[in-house]
Every structure is written in C-alpha cells, then in structure tokens.
Amino acid sequence: MLGVFFSGTGNTEYCVRLLSSLLDESYEIVSLENPSSIKKIEERDTIIFGYPIQYSNIPYFVREFIIKNSFLWKNKKIICLATMGAFSGDGAGCSARLFKKYGAIILGGLHIKMPDSVCDSPLLKKNTQEKEIIIKNATEKIKLIANNIKNKIYPNDGLSSISHIIGLLGQRLWFFHKTKTYSNNLTINENCIGCGLCSKICPTQNISIVNLKAIGGNKCTLCYRCVSNCPQKAITILGKKVIEQYKLDNYI
Ligand SMILES: Cc1cc2nc3c(=O)[nH]c(=O)nc-3n(C[C@H](O)[C@H](O)[C@H](O)COP(=O)(O)O)c2cc1C
Ligand code: SF4
Ligand code: SF4
C-alpha cells in the first residue's frame, strides 16, 4: 500500500499515514512534493491519495500534479481521501473523476473532518479542546474505515452524483476561481525578519528573500504552511492577522 499526499499543515499527512499503516504493515507514504513520488506511484498498484479541500475543490498544485502525470494512473486502484475543516460535498469525487478519466479504478472515497488550517480568520477559530476532539473523531473514523476496507467494504464519501451536485451548489460554483489556478494573494508585513523559513518550506517555491525580506510571488497554492510557521506571524492570505498558528502536533 502506498499513501500519496499533499498536506499544507499536516492534517492530510496524518490521515493518510494512519489509514495506510492500519491497512498494510509494510506501508509507505510519500508527499507529492518529493521527486521520488512518481517512481513510487509507478511501482505500486494500490494507492491512497490524500489532499486538503479548498473551497470544496482540490488545491491547484494537486490538480496540476494529477494532470501533468496523467500517464501514471491507468489501472491504478485508488482510494481518494480528502480532509476538510467542515464540508466539501464531493471533495473525494473531485480527484476521483480526474483519475477515472486517466484510466484508474476508484476503490473508494473518504472525507475526514480535521481542524481548519486557515489561521488568519476569527470566524474559523476553535479552542484547543475542540481541536483535540475533532482529531480524536477523525482517528476513530479512520480506524473504522480501515476495518471495513479489510473486509472489502469501501467508503463512498463524495463519489455519488448527489454529492457532486452538493459540492457544486455548496461552494464550488461560486468559489471556483479561487482554485482555478495559483494565487498571488500572499501578504507579508513589516515584521518579517528575513529568516528564510517560509521560502524553504513553500511547496511551490513561491517566496523569495530579497534584502532580508520575504517577497511572495503569484504561485501560491493556498496551503497555509508558511502562515502557520512564520516565527514573526508576518504572513496572511485570507485574513488580515494571524489568530493562532495551526500546529497539528499540539493537539495529538
Ligand atoms: C484556502 C483554504 C480553503 C479551505 N476550504 C475549505 C472548504 O471549502 N471546506 C472545508 O471543509 N475546509 C476547507 N479548508 C480547511 C482544510 O481543508 C482543512 O483544514 C484540511 O484538513 C487541511 O489539511 P492539511 O493540514 O493537510 O493542509 C480550507 C483551507 C484552506 C487553507
Ligand atoms: S518565515 Fe516569516 S520572518 Fe521568516 S522570512 Fe518568512 S515572512 Fe519573514
Ligand atoms: S506561499 Fe505559503 S501558502 Fe502559498 S503555497 Fe507557499 S507555503 Fe503554501
């Protein structure tokens, strides 16, 4: 079993690792960002493919990976796993439809609710206990699903036509432009000290350091990794101020 994931702030990696480990003792997981991911996918026939939901859609970086490497998917057996803060409608279906187009066999779709990675919006703020409970529930759901899969009962989250309509009407029709391509919406304020961390960890190399200041480009995939890790809380995307950086390890 190979778990393949994209994860801005760790939620999806956590879920893909847990499910893969419960299904196969000799599991392996790999990030899409790792150049070896393509070779590893070529070598395996069954894959758990995980990503976070953004506006009820796949992050552009993930969509681009699937399309650019369309030759990889023929006859692969794939379980699509989407993590989300609240709701996506057909989050798993979004990748499943693409994979099917390229000849994959979709074994199942799985939606896991995890804490929201958007940490610069007061609307989405949850306290520590609430986040711990969300992760505990997610862990229980994954354990249950793993048992079912061992008995050849696959989850069907987000794969039905009704889910497709809910995903479209719930958000995607109105917000499709947000994930249609990369974004240039990164704001870096005067508190930046030019430490370079954001530039090192950005999956799309969207941040450069010039004269000891970070500068954002137009290739952001909205993953929130830099926002959650900047020691100066100097980076925002959707909001104007970092409320509380999201660190998964604090809640497990
Ligand atoms: C830009 C952006 C948009 C998001 N949109 C949604 C959404 O439409 N529905 C939802 O339930 N969660 C949404 N989320 C929350 C993430 O999907 C969720 O926190 C996910 O588990 C993050 O996974 P990661 O830590 O692997 O990046 C959004 C997060 C970001 C950063
Ligand atoms: S991580 Fe923060 S402080 Fe460091 S370079 Fe990036 S924006 Fe500046
Ligand atoms: S700039 Fe930040 S939010 Fe955008 S892709 Fe890079 S790390 Fe993710």
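All ligand and atom numbering here is 1-based and tracks the order in the structure.
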Item to check | Atoms in ligand 1 flagged as close to Ser7, the criterion being non-hydrogen separation under 4.0 Å | outcome: 24 (P), 25 (O), 26 (O), 27 (O)
Checklist outcome for this item: Note: heavy atom closest to atom 12 (N) of ligand 1, options Gly170, Gly8, Gly85, belongs to Gly85
Checklist entry - Backbone, side chain, both or neither: what part of Leu186 comes under 4.0 angstrom of ligand 3, heavy atoms only? => result side chain
Next on the checklist: In terms of relative ring orientation, are Tyr246 and Tyr251 parallel, tilted or perpendicular, with 30° and 60° separating the classes?
Outcome noted: parallel
Checklist entry - Closest non-hydrogen protein atom to atom 25 (O) of ligand 1, residue and atom name please, with distance? => result Thr9 OG1, 2.5 Å
Next on the checklist: Applying a heavy-atom cut-off of 4.0 Å, say which part of Ile207 lies close to ligand 3: side chain, backbone, both or neither.
Outcome noted: side chain
Checklist entry - N/O/S atom of Cys202 under 2.8 Å from atom 6 (Fe) of ligand 3, yes or no? => result yes
Checklist entry - Looking only at N/O atoms, are Glu13 and ligand 1 under 3.5 Å apart anywhere? => result no
Next on the checklist: Test of understanding: given a 4.0 Å heavy-atom threshold, classify the contact between Phe61 and ligand 3 as side chain, backbone, both, or neither.
Outcome noted: neither
Item to check | Element-labelled atoms of ligand 3 that are located less than 4.0 Å from some non-hydrogen atom of Cys226 | outcome: 1 (S), 2 (Fe), 3 (S), 7 (S)
Next on the checklist: Check contact between Gly91 and ligand 1, using heavy atoms of the residue and a distance below 4.0 angstrom.
Outcome noted: no
Item to check | Aromatic contact, Tyr60 with Tyr182 (centres under 6.0 Å) | outcome: yes
Checklist entry - Touching ligand 3 at all, Ile237? Heavy atoms, strictly under 4.0 Å? => result yes
Next on the checklist: Can you tell me which portion of Ile235 lies within the under-4.0 Å heavy-atom range of ligand 2? Options are side chain, backbone, both, or neither.
Outcome noted: side chain
Item to check | Shortest protein heavy-atom distance from atom 6 (Fe) of ligand 2, along with the residue and atom involved | outcome: Cys198 SG, 2.3 Å
Item to check | Close approach of Gly10 to ligand 1, heavy atoms, under 4.0 angstrom | outcome: yes
Item to check | Best match, Cys192, Cys195, Gly216: closest heavy atom to atom 1 (S) of ligand 2 | outcome: Cys195
Next on the checklist: Under 6.0 Å between ring centres: does that hold for Phe49 and Phe99?
Outcome noted: yes
Next on the checklist: Geometry only, no angles: is Ile53 polar-contacting ligand 1 at N/O separations under 3.5 Å?
Outcome noted: yes
Checklist entry - Which atoms of ligand 1 are found less than 4.0 Å from any heavy atom of Tyr224? => result 31 (C)
Checklist entry - Using heavy atoms and a threshold below 4.0 Å, how should the contact between Asn191 and ligand 2 be classified: side chain, backbone, both, or neither? => result neither
Checklist entry - Side chain, backbone, both or neither: which part of Asn206 comes within less than 4.0 Å of ligand 3 when only heavy atoms are counted? => result side chain
